[in-house]
Amino acid sequence: PALDVNRYYFPGGRSGGRDGLLVRVNARAGISWLGVFKFGGTSDQLLSGIWSHPDSSTVCVVARAKGYLVDARNPQICTDVIAFPVTSVISVLDERLLLFVDLDEITAYGTAGLVWRTRKLSWDGLQVSGVDAGRLTGFAHDPTRPSPVPFSVALRTEKAGGGSTPYLTIRGRKSLPEVATQEQESG
């Protein structure tokens, strides 16, 4: 990299920091800079990459499961993604959303920032199977069942059905997974 390019360290866009994922950004406005994005974990098996954002002036970077949204024109403006550890990033162009999947929830960001975050959908693992007609579908891990439990999320409303979480039945009340499954079956 050229020595005359400004370097920023994230989180915070500070002028000094730690090792991390090195990204060169060339914004449409003719601004170029280098970003060093702090890793979220130590394993090189964790998700890392760069994704486009519904706001074309924002770049999404995930550095070993830690997500960042940075203004490409002004790298001092950075948002830490609240989902952690990020296991998958899904761009839904029709809805102008960028979805971050972690171990038990899904978080959506749009052009104005955080849009929604689902309730807990899993004990400790989500697998997205697809996005179609405004719905995201997938499977949630449940160690008490022989197979994964299906779930779905309406992308415009964040309403989720199905899934499995470790809530217990207390004093005769249904656990949240049972209620969610009944809502999905009736809806």
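Nothing fancy with the numbering, it's 1 onward along the sequence.
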Heavy-atom pair with the smallest gap, counting every atom of [X] and [Y]:
X    : Y    : result
G41  : L46  : CA-CD1, 3.7 Å
G163 : A140 : CA-CB, 4.0 Å
Y8   : P75  : CE1-CG, 3.2 Å
G110 : P54  : CA-CG, 4.5 Å
A160 : L121 : CB-CD2, 3.7 Å

Heavy-atom distance under 4.5 Å between the side chains of [X] and [Y], does that happen here?
X    : Y    : answer
I50  : F37  : no
L126 : F151 : yes
F139 : V149 : no

Does [Y] offer a backbone N or O that forms a donor-acceptor pair with the side chain of [X] under 3.5 Å?
X    : Y    : value
W33  : A27  : no
T118 : I106 : yes
T87  : V101 : yes
S122 : H141 : yes

Which residue pairs pass the side-chain hydrogen bond (donor to acceptor under 3.5 Å, both in side chains) test when at least one of the two sits in residues 63-74, sequence neighbours left out?
S57-R73, D71-R73
Which residue pairs pass the salt bridge (Lys or Arg N to Asp or Glu O under 4.0 Å) test when at least one of the two sits in residues 25-50, sequence neighbours left out?
none
Could you give all pairs that pass the salt bridge (Lys or Arg N to Asp or Glu O under 4.0 Å) test and reach residues 93-102, with sequence neighbours left out?
E95-R156, D102-R117
In chain order, what residues pass the side-chain contact (heavy atoms from CB on, under 4.5 Å) check against [X], with sequence neighbours excluded?
X    : answer
V115 : L97, A108
P146 : none
V131 : I90, V92, L136, L155

Tell me who clusters with V86, hydrophobic residues only, linked when side chains sit under 4.5 Å apart either directly or through other members.
L47, W51, V62, L69, V81, I82, V89, L98, F100, Y109, L114
Students should find that the hydrophobic cluster of F84, defined by side-chain heavy atoms under 4.5 Å apart, otherwise consists of none
How many angstroms lie between [atom1] in [X] and [atom2] in [Y], if you round to the nearest 0.5 Å?
X    : Y    : atom1 : atom2 : answer
R135 : S152 : CZ    : OG    : 3.5 Å
D104 : S164 : CG    : OG    : 11.0 Å
T165 : K120 : OG1   : NZ    : 9.0 Å
S88  : Q127 : OG    : CD    : 7.5 Å

Kindly work out whether a path of hydrophobic side-chain contacts (I/L/V/M/F/W/Y, heavy atoms less than 4.5 Å apart) joins I77 to F10.
no
Residues which pass side chain to side chain donor-acceptor pair (under 3.5 Å) with [X], listed by chain and number, not counting sequence neighbours:
X    : answer
T137 : S129
S32  : N26
T58  : D55
T42  : none

Verdict with supporting geometry, V153 and W116, side-chain contact (heavy atoms from CB on, under 4.5 Å):
CA-CA 11 Å; V153 178; W116 50 257; 3.8 Å; yes
Can you list the steps and then say if W123 with L103 is a side-chain contact (heavy atoms from CB on, under 4.5 Å)?
CA-CA 8 Å; W123 288 58; L103 296 176; over 6 Å; no
Tested for side-chain contact (heavy atoms from CB on, under 4.5 Å) against V36, the lone hit among D19, L21, L22, V23 is L22
